[in-house]
There are 2 protein chains.
Amino acid sequence: MPKPEVDPTAPLRLSVDRSSPVPLYFQLAQQLEAAIEHGTLTPGSLLGNEIELAGRLGLSRPTVRQAIQSLVDKGLLVRRRGVGTQVVHSQVKRPLELSSLYDDLEAAGQRPASQVLVNTLEPASAEVAAALGVAEGTEVHRVERLRLAHGEPMAYLCNHLPTGLFDLDSAQLEATGLYRLMRAAGITLHSARQSVGARAATADEGERLGEPEGAPLLTMQRTTFDDTGRAVEFGSHTYRASRYSFEFQLLVRP
Amino acid sequence: MPKPEVDPTAPLRLSVDRSSPVPLYFQLAQQLEAAIEHGTLTPGSLLGNEIELAGRLGLSRPTVRQAIQSLVDKGLLVRRRGVGTQVVHSQVKRPLELSSLYDDLEAAGQRPASQVLVNTLEPASAEVAAALGVAEGTEVHRVERLRLAHGEPMAYLCNHLPTGLFDLDSAQLEATGLYRLMRAAGITLHSARQSVGARAATADEGERLGEPEGAPLLTMQRTTFDDTGRAVEFGSHTYRASRYSFEFQLLVRP
DNA sequence: GAAGTCTGATTGTCCGGACAAACTAAGGGC
DNA sequence: GCCCTTAGTTTGTCCGGACAATCAGACTTC
């Protein structure tokens, strides 16, 4: 493998546009991230001290620090007092995100398809009521979907949502993911509590997913909260273990 | 349920110790977090504006902002321009951490026990070599452990580690978790790449874990990196799906 | 040669201030 | 009554500076 054709002594081409509405620290962070992604900043290399960097760009040190800090939070950089700021020897890509299966499949280029099996209202069971923080028996949406990739079933998704949040249109649900609909409705997702496990498929579950009875299934239950702390969705999903696994990156909080 | 006996109009008792070596912003963040945990700061309540807060504590606004920001990053607070900073209506506890099964079990009060089955050196297979970033055939540690809770097997853990990092003592491995040993050896964990799936138990696997052949197993593969980007551990773990599931909290990155 | 010591470099913490942007709510116009 | 404008509040961004804590490497000492 040829060595990267980058002169490490050449100072990075950085510049900021003060007339732009995008914050200066953000512009700098983007450029640094691009340089890391592109290989201009090689793993392990020092970034040059903050004061010099600030002077070169005509920025103040706090602004430069804010840019660097955002990349440290992303896990791309590591700071060492008395040494400098280094690019992490990555293999690390992205921390875990709250993504939907739809997004996952699309990112993998699998051209996902949905099939809405059920889209109705029903009184909340004890489990659903507890997850959504509503009284048992309250009317909630129930959506059952089958997620397909390459025409084969991948997962069976059952979601419960409180009423009055937004319009649950079956056609839209088939065209895109649930999370996109929520974001489009002005709901800002904040956090989620997930539980991932496994169990053997019942005869019904097996038939839906094209697996024999007793086949191992990967299960996920997730309750999603918006930024006001309200539970906006509770999902119970089963995935074909033979076709799907969860992959994610973790960052250790310092 | 009685209403919390807290007067929301009473200003929070906050104070900082300037003679302490612990940073002022960190002291403030800890006190705010404690107040949220304790219920003194109720979910949804405003925090009071930053300038007034700074004045009351004798701090500057940047310091107060740094404290607040750290809690926003943890998902405990939400800022709204023109409105103020609110306590999130939690149910949210902690974001996902890089924890070991040992820690998980201990937190659940299950008094974990380990049994080291194998602790040896062997040449790296292609898979292990790729994960650890070493040449195929390089000598690496191989550790196989059985994790028990209440005397029952919970998981079978197989780890591979590069040589020369630290001392792998079987007795210590049985007394504590692998991650604690690494931290104690001065290795600062940085990130990990995980893959969680499921599959049916083979006859051997079933026997080790006390499950019948074909029983669903939860599998996890994890490669852990330190802050220099070096892979320090590669683990292939299988859990009894009937006894164990992964639970975690996610934060949506804004 | 090995150990401890000093020095320079670099990030960490903290201050005080300034203006911009976004949101809320009250006031005025229709 | 309803909609638009306006003013006030609060966070967001940015500046320039100061000192402390920590690290690496060179130097000194034994």
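As the structure is a computational prediction, the values presented were derived from the model and not from experiment. Letters A, B, ... are given to chains in the order of the sequence lines, protein chains preceding strands, and every chain is numbered from 1.
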| remark: Contacts of Q69(A) and G58(B) projected onto DNA chain C by closest heavy atom; the upstream (5') one is Q69(A)

| Does E52(A) have any salt bridge (Lys or Arg N to Asp or Glu O under 4.0 Å) partners at least two apart in sequence or in another chain, and if so, which? | R56(A)

| said: Between P on dT9(D) and CD on E52(B), what's the gap in Å once rounded to a whole number? | reply: 13 Å

| field | Gap between atoms CD1 and C1', on I51(B) and dT11(D) respectively (whole Å) | value | 9 Å

| Which residue, G48(B) or S60(A), contacts DNA chain D at a nucleotide closer to its 5' end, judged by nearest heavy atom? | G48(B)

Just distance, no hydrogens or angles: give the donor-acceptor pairs under 3.5 Å from side chains in residues 58-67 of chain A, sequence neighbours left out.
residue : atom : partner : partner atom : Å
S60(A)  : OG   : T63(A)  : OG1          : 3.2
R61(A)  : NH1  : E50(A)  : OE1          : 2.6
R65(A)  : NH1  : E50(A)  : OE1          : 3.2
R65(A)  : NH1  : E50(A)  : OE2          : 3.1

| request: At the 4.0 Å heavy-atom cut-off to chain B, mark where contacts on DNA chain C begin and end, going 5' to 3'. | output: dT13(C) to dT24(C)

| message | Among residues at least two apart in sequence or on other chains, which ones pass side chain to side chain contact (heavy atoms under 4.5 Å, CB included) with S70(B)? | response | A29(B)

| query | Mind checking what makes salt bridge (Lys or Arg N to Asp or Glu O under 4.0 Å) contact with E122(B), not counting sequence neighbours? | reply | R142(B)

| request: For the residue pair P123(B) and E139(B), establish whether any side-chain heavy-atom pair is separated by less than 4.5 Å. | output: yes

| message | Going by the rule side-chain hydrogen bond (donor to acceptor under 3.5 Å, both in side chains), which residues pair with T138(B) if we only count those two or more places apart in sequence or in a different chain? | response | none

| Roughly, in whole Å, what's the span from CG in L46(A) to P in dC23(D)? | 15 Å

| said: Quick check on contacts: within residues 15-27 of chain A, what sits under 4.0 Å from DNA chain D by heavy-atom distance? | reply: R18(A), P23(A), L24(A), Y25(A)

| Testing S19(B), S20(B), S15(B) for side chain to side chain donor-acceptor pair (under 3.5 Å) with D17(B), which one passes? | S19(B)

| said: Checking P23(B) now: which residues fulfil side chain to side chain contact (heavy atoms under 4.5 Å, CB included) with it, not counting sequence neighbours? | reply: Y25(B), F26(B)

| note | Rounded to whole Å, CZ of R65(A) lies from P of dG12(D) at a distance of 19 Å

| query | Near DNA chain C, which residues from residues 77-86 of chain A have a heavy atom under 4.0 Å away? | reply | R79(A), R80(A), R81(A), G82(A), V83(A), G84(A), T85(A)

| Looking at residues at least two apart in the chain, or sitting in another chain, which of them share a side chain to side chain contact (heavy atoms under 4.5 Å, CB included) with D226(B)? | I187(B), T228(B), R230(B), V232(B)

| field | salt bridge (Lys or Arg N to Asp or Glu O under 4.0 Å) involving R80(A) - partner list, sequence neighbours excluded | value | D227(B)

| message | Using whole Å, what does the distance between atom C1' of nucleotide dT9(D) and atom CZ of R61(B) come to? | response | 12 Å

| field | Under the side chain to side chain contact (heavy atoms under 4.5 Å, CB included) test, residues paired with N119(B) that sit two or more places apart | value | V116(B), V143(B), L168(B), S170(B), L173(B)

